[in-house]
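Take a look at the structure below.
Counting convention: from 1, in listed order, for ligands and their atoms alike. Fair warning: this is a prediction, and the values are worked out from it, not measured in the lab.
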Amino acid sequence: MRLVGRGASAFASPTPDTVTSDNPRLRGALAPRFVAFYHHGTMSDATTTPETTASKANIREKGRLMSASEIDRTLVRLAHQIVEKQEGSSNLGLVGIKRRGIPLAERIAKIIEGIEKQPVQTGVLDISFYRDDLSTAGNKPIVEKGEIGFDIEGRDIVLLDDVLYTGRTIRAALDALFDHGRPRSVRLLVLIDRGHRELPIEAQFIGRVVPTSSKEIIEVKLREVDGNDQVLLVERLD
Ligand SMILES: O=P(O)(O)OC[C@H]1O[C@H](OP(=O)(O)OP(=O)(O)O)[C@H](O)[C@@H]1O
Ligand SMILES: O=c1cc[nH]c(=O)[nH]1
């Protein structure tokens, strides 16, 4: 059976007991709702833990691509690049894609606030409902069509996610975003671009480009979701 959907990281780390955010509005949005795992080269959602034991037995950690301090420094660079590109932050809005895009948006907003000395609005997109491949998914995710958190009309939006792979999440996120209004511009920030695009989607702000094989998986861990910060390269063995 071919299962498709979102998913990458849950097999490698247990669901955290606590999911934290400084922003009370975002705390619920960070909470994990689905356990995700890879299956035959595609990604899948499941409402119960598919066993991470079996999954773990079939994966091998190949190396650490980024440490916590490397992630920190990368986010500082990306924040400066955003400010340079947007010529400031007065019309800027950062929208994090659930889950790990949300803490990325919060962290980068804080850095930009430190540079520009003015608040930066952050919001959340839960795009589960909008994916174009849900009809073939084995387990359908619960639909949660939440508010972004601020008015995106006329704003310069930066969408943020941890990993850019096929581009399907971002395509779905763009659909969802435009359901909420008409921004002046939309740019994309990802911590890792691993290639393998299936759609004509590119990021304007990239933490690191990591050429990967289709057997490899990028695992981004962020302390707000996973309890620690690092980026791992793992490989499926089957
Ligand atoms: O370009 P794509 O092929 O769409 O893949 C990228 C998406 O996959 C991962 O999400 P994941 O399914 O792990 O969800 P999570 O962030 O909730 O763990 C990652 O966070 C991106 O959102
Ligand atoms: O390798 C991948 C692919 C998609 N999403 C991830 O988080 N990692």
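Contacts between Val163 and ligand 2 below 4.0 angstrom, taking non-hydrogen atoms only, involve the side chain exclusively. With a 4.0 Å heavy-atom cut-off, ligand 2 is reached by no atom of Glu219. At a heavy-atom cutoff of 4.0 Å, ligand 1 is contacted by the side chain of Asp162 but not by its backbone.
Here's the thing with Gly167: one of its N/O atoms is less than 3.5 angstrom from an N/O atom of ligand 1. Considering backbone and side-chain N/O atoms, Ile218 comes within less than 3.5 Å of an N/O atom of ligand 2. Some N or O of Arg194 is nearer than 3.5 Å to an N or O of ligand 2, by distance alone.
Close approach of ligand 2 to Ile217 (heavy-atom distance below 4.0 Å) involves ligand atoms 1 (O). The ligand atoms of ligand 1 that sit less than 4.0 angstrom from a heavy atom of Thr166 are 1 (O), 2 (P), 3 (O), 4 (O). Taking a cut-off of under 4.0 Å to the non-hydrogen atoms of Arg100, the atoms of ligand 1 that pass are 15 (P), 16 (O), 18 (O).
Salt bridge Lys62/Glu235: present, at least one basic N to carboxylate O contact under 4.0 Å. Residues Arg99 and Glu224 are not paired through a salt bridge, judged by the lack of any N-O separation under 4.0 Å between the basic side chain and the carboxylate.
Residue contact annotation: Val163 has a non-hydrogen atom under 4.0 Å from ligand 1.
By the side chain to side chain donor-acceptor pair (under 3.5 Å) test, Ser67 pairs with Ser69, Glu70, sequence neighbours left out.
Among Leu164, Leu104, Thr169, the residue whose heavy atom lies closest to atom 7 (C) of ligand 1 is Thr169.
Counting only residues at least two apart or on different chains, the salt bridge (charged side-chain N to carboxylate O under 4.0 Å, His left out) pairs with a member in residues 150-159 are Asp156-Arg184.
Closest approach of Ile152 to Leu177, counting heavy atoms only: CD1-O, 3.2 Å. Scanning both residues, Leu164 and Ile170, for their nearest heavy atoms gives CD1-CG1, 3.8 Å. The minimum heavy-atom distance linking Ile157 with Val95 is given by the pair CG2-CG2, 3.8 Å.
Looking at heavy atoms from C-beta onward, Pro103 lies in side-chain contact with Val225 at the 4.5 angstrom threshold.
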